[in-house]
S.K.: 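Handing you a structure now.
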Amino acid sequence: MENQNINDTNDLIKRRFEELSQLYEKGFEPFAYGYDVDSYSKSIKNNFEELDQINVKIAGRIMAIRRMGKASFTTIQDKEGRIQIYLRKDDVGDEYDAFKLMDIGDIIGVEGYVFKTKTGETSVHVKSMKLLSKSIRPIPIAKETTDEEGNKIIHDQFTDRELRYRQRYVDLIVNPEVKDVFKKRSAIVTTIRSFLDTNEFVEVETPVLQPIYGGAAARPFVTHHNTLDMDLYLRIADELYLKRLIVGGFDRVYEISKDFRNEGIDKTHNPEFTMLELYVAYKDYNWMMKFVEQMVEYVAVKVFGKTEFEVYGTTIDFKGPWIRLSMVDSIKEKTGLDILTATKEELKTKLKKYGVELEDGASKGKMIDELFGAAVEPSIVQPTFVVDYPIEISPLAKKHRTKEGLVERFEGYVLGREICNAFSELNDPIDQRERFSSQSEMREAGDDEAHQIDEDYLRAMEFGMPPTAGLGIGIDRLVMLLTNQPTIRDVILFPQMRSEK
RNA sequence: GGGCGCAUAGCUCAGUGGUAGAGCAUCUCCCUUUUAAGGAGAGGGUCCCUGGUUCGAGCCCAGGUGCGCUCACCA
């Protein structure tokens, strides 16, 4: 067979095309239609006592071959892990000749009985085998050894980060711990859903394509609908649509979905990321703090069986109640400055001490936020709710019931990083219109992250919106913490990369 | 966007101006309980790209591309 549709050939690939032709010539079908699997690697190893000498059918990818003339040991990898199989020419006959044409990377199905080798490794003694898919592109080879203390040492591990992210399928094949992270991610999301479902939430879906974007301070992606001939934005948040549903009478709603922000990429930012937003009618941010504690603790225990985690070398305990830290008090404590009475000049001077310089047009709220980020944020280690934020940077949050200039808002921090954002939602349409107006002024002054006025959202609120508590949690960042992954790219299967070439 | 670093065989990496290297993988031969199996032999390269310096460049210089780390911005 000629090389077809495969551009970057090398000798290894050419060789595999030759093997493919030989298989066809010998009457083997190298790409099968199915295989009735009844067992999996790890389960077989875990249940050896019951399965000893019992027949099993397994399938998986060949990860290692140790040929010894007319017999061979092969390691195959299935969804659960790896197991060794033992092939003898006496047992499989002609199939052994076909096996000579198989390679690391091929996917095979085998049937045989479970046994232990002389060296004590649980294996499958193959009676018949079938090639299920020929691999024509060689996978990166890594080998494993175990040292005296029983630690696994991996030799020639596939480590090129660029290739691992671009070709995640290869990464998943050869680096099993990567798969574990994504299985954990899946379990975390599933567990959050079940927690919310048992708390009587309704999961909804709101538009990704929005004529007016809002709900966060960020720059959007712009796209265009041809038939409507209108520009649309990819959402930066779900917030304004979910609160319309609160107006409509859904008392508890949530959405887990992708948001898109047209901003920089680094180890905590990907242009598309997964957000959980939820809204609860008749509750406030005090209620929400307790709810977050419960939810995170529930997920930690359900998925990991513990509340204490080793994260980047520090032990973090997610067990509630979390620390409450007033933004005003904590800044006063760290800097001696009372931000409620401080002038912009005083803030500017103080910021300079921390090496932060802002543009002249920066609002007082922005300066306070920056000062907090520089002076307090890095010192937060254990799960902490930072409460009560400046009104200027919180246009959708309700004014604090007792504290002038602040809103009822909190952010959850762990290890100096924000993991959630919540507030008593602003439900006064007159106040909301004023907030949008001042955002609009900031916009005209050049802040392209300031909110646009959303007239339809205001109209919804004018019909009457119950008091509501709202919450947003960045799922990617939560997963990073719980799985101890240093970059967001390690918890996103296909992170955004520049185009190849 | 700024600074620093990296790019050599399928994979992991050596190679500081003079014939392109190693281990694993691949191929041939031997080997029916091995496990980084073993023994004997062989093949395999756009040294990221484009220019420059030089008698001669994987190596030195300039520009570019991609990636990583870091700072800034942001969730």
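A, B, ... follow the sequence lines: proteins, then strands. Residue 1 opens every chain.
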S.K.: Sugar-phosphate atoms are those with a prime plus P, OP1 and OP2; base atoms are the rest. Using that split, label each nucleotide of nucleotides 43-49 of chain B B, S or - for protein heavy atoms under 4.0 Å, 5' to 3'.
M.R.: -S-----

S.K.: Can a salt bridge be assigned to the pair A:Glu425 and A:Lys398 using a cut-off of 4.0 Å between side-chain N and carboxylate O?
M.R.: no

S.K.: Should the pair A:Arg16-A:Asp103 be classified as a salt bridge under the 4.0 Å nitrogen-to-oxygen rule?
M.R.: yes

S.K.: Under a 3.5 Å cut-off for both contacts, is B:rC55 paired Watson-Crick or G-U wobble with anything, and if yes, with which nucleotide?
M.R.: B:rG18

S.K.: Could you give the distance separating B:rU50 and B:rC13 at their C1' atoms, to the nearest angstrom?
M.R.: 27 Å

S.K.: What integer number of Å spans the P atoms of B:rG23 and B:rC59?
M.R.: 25 Å

S.K.: Base, sugar-phosphate alone, or nothing: which one does A:Lys258 contact when heavy atoms must sit under 4.0 Å apart?
M.R.: nothing

S.K.: Do A:Glu121 side-chain and B:rU33 base share a donor-acceptor contact under 3.5 Å?
M.R.: no

S.K.: Starting from C1' on B:rC11, measure out to CZ on A:Arg161 and report it in whole angstrom.
M.R.: 17 Å

S.K.: Report which part of the nucleic acid A:Ala64 touches: base, sugar-phosphate, or nothing (heavy-atom distance under 4.0 Å, all strands).
M.R.: nothing

S.K.: Taking A:Asp78 as the fixed residue, which of A:Ser39, A:Ser41, A:Ser43 is the one that meets the side chain to side chain donor-acceptor pair (under 3.5 Å) rule?
M.R.: A:Ser41

S.K.: Distance check needed: B:rC69 P versus A:Lys267 NZ, whole Å only.
M.R.: 7 Å

S.K.: Applying a 4.0 Å non-hydrogen cut-off, can you work out what A:Phe115 is touching in the nucleic acid: base, sugar-phosphate, or nothing?
M.R.: base

S.K.: Classify the nucleic acid contact of A:Arg417 as base, sugar-phosphate or nothing, counting any heavy atom under 4.0 Å across all strands shown.
M.R.: nothing

S.K.: Applying a 4.0 Å non-hydrogen cut-off, can you work out what A:Asp266 is touching in the nucleic acid: base, sugar-phosphate, or nothing?
M.R.: base

S.K.: For A:Asp90, report the nucleic acid contact type (base, sugar-phosphate, nothing); a contact means any heavy atom under 4.0 Å.
M.R.: base

S.K.: Does the salt bridge (charged side-chain N to carboxylate O under 4.0 Å, His left out) test come out yes or no for A:Arg235 and A:Glu255, once each step is laid out?
M.R.: CA-CA 13 Å; A:Arg235 67 170 159 218; A:Glu255 182 165 14; 3.3 Å; yes

S.K.: Quick one: is the NZ or CZ of A:Arg409 closer than 6.0 Å to the six-membered ring centre of A:Tyr389, and within 45° of its axis?
M.R.: yes

S.K.: Given the C1' atoms of B:rG15 and B:rG51, what is the spacing between them in whole Å?
M.R.: 25 Å

S.K.: Given the ring of A:Phe99, does A:Arg67 sit roughly above its face, with NZ or CZ under 6.0 Å from the centre of the six-membered ring and within 45° of the axis?
M.R.: yes

S.K.: To the nearest Å, how far apart are A:Met63 CE and B:rC24 C1'?
M.R.: 14 Å

S.K.: Rounded to the nearest angstrom, tell me the gap between atom NZ in A:Lys70 and atom C1' in B:rC31.
M.R.: 8 Å

S.K.: Would the A:Tyr285 and A:Phe423 ring centres measure less than 6.0 Å apart?
M.R.: no

S.K.: Within the 4.0 Å heavy-atom criterion, would you say A:Lys89 contacts the bases, only the backbone, or no part of the nucleic acid?
M.R.: nothing

S.K.: Given the P atoms of B:rU16 and B:rC61, what is the spacing between them in whole Å?
M.R.: 14 Å

S.K.: When all nucleic acid strands are considered with a 4.0 Å heavy-atom cut-off, which category describes A:Phe273: base, sugar-phosphate, or nothing?
M.R.: base

S.K.: Can A:His155 be said to stack with the base of B:rG23, given centres closer than 5.5 angstrom and planes under 30 degrees apart?
M.R.: no

S.K.: When the C1' atoms of B:rG21 and B:rU53 are considered, how many whole Å apart are they?
M.R.: 27 Å

S.K.: Within less than 4.0 Å of OP1 or OP2 of B:rA25, is there a side-chain N or O belonging to A:Lys143?
M.R.: yes

S.K.: For a quick test of reading the model: is some side-chain N or O of A:Arg489 closer than 4.0 Å to OP1 or OP2 of B:rG68?
M.R.: yes

S.K.: Are A:Phe31 and A:Tyr24 an aromatic pair, judged by ring center distance below 6.0 Å?
M.R.: no

S.K.: Quickly work out the A:Lys118 NZ to B:rU32 P distance and round it to whole Å.
M.R.: 12 Å

S.K.: Considering only the P atoms, how many Å lie between B:rC24 and B:rG18, rounded to the nearest integer?
M.R.: 28 Å

S.K.: Tell me the interatomic distance from A:His125, atom NE2, to B:rU34, atom P, rounded to whole angstroms.
M.R.: 14 Å

S.K.: Between B:rU65 and A:Arg498, is there an OP1 or OP2 to side-chain N/O distance shorter than 4.0 Å?
M.R.: no

S.K.: When both hydrogen-bonding distances must be under 3.5 Å and the geometry is Watson-Crick or G-U wobble, what is B:rG45 paired with, if anything?
M.R.: none

S.K.: Between the base of B:rU12 and the side chain of A:Thr159, is there a donor-acceptor distance below 3.5 Å?
M.R.: no

S.K.: Heavy atoms only, 4.0 Å cut-off, all strands: where does A:Arg219 land among base, sugar-phosphate and nothing?
M.R.: nothing

S.K.: Rounding to an integer number of angstrom, what distance separates B:rA25 and B:rA36 when you compare their P atoms?
M.R.: 12 Å

S.K.: When both hydrogen-bonding distances must be under 3.5 Å and the geometry is Watson-Crick or G-U wobble, what is B:rC69 paired with, if anything?
M.R.: B:rG3

S.K.: Taking OP1 and OP2 of B:rC67, is either one under 4.0 Å from a side-chain nitrogen or oxygen of A:Arg166?
M.R.: yes

S.K.: Under 6.0 Å between the ring centres of A:Phe309 and A:Phe318?
M.R.: yes

S.K.: For B:rA37, which nucleotide is its Watson-Crick or G-U wobble mate, given both distances must be under 3.5 Å?
M.R.: none

S.K.: Looking at every strand, decide which applies to A:Asn270 at a 4.0 Å heavy-atom threshold: base, sugar-phosphate, or nothing.
M.R.: base

S.K.: Base, sugar-phosphate, or nothing: which does A:Ile139 touch, judged by heavy atoms less than 4.0 Å apart?
M.R.: nothing

S.K.: Rounding to an integer number of angstrom, what distance separates B:rA9 and B:rU46 when you compare their P atoms?
M.R.: 8 Å

S.K.: Within the structure, does a side-chain N or O atom of A:Arg66 lie under 4.0 Å from either OP1 or OP2 of B:rA37?
M.R.: yes

S.K.: What's A:Met275 touching, base or sugar-phosphate or nothing? Going by heavy atoms closer than 4.0 Å.
M.R.: nothing

S.K.: Answer yes or no for A:Lys116 and A:Phe48: cation-pi contact, defined as NZ/CZ to six-membered ring centre under 6.0 Å and angle to ring axis within 45°.
M.R.: yes

S.K.: Would the A:Tyr279 and A:Phe291 ring centres measure less than 6.0 Å apart?
M.R.: no

S.K.: Applying a 4.0 Å non-hydrogen cut-off, can you work out what A:Glu370 is touching in the nucleic acid: base, sugar-phosphate, or nothing?
M.R.: sugar-phosphate

S.K.: With a 4.0 Å cut-off on heavy atoms, is A:Glu272 in touch with a base, just the backbone sugar-phosphate, or nothing at all?
M.R.: nothing

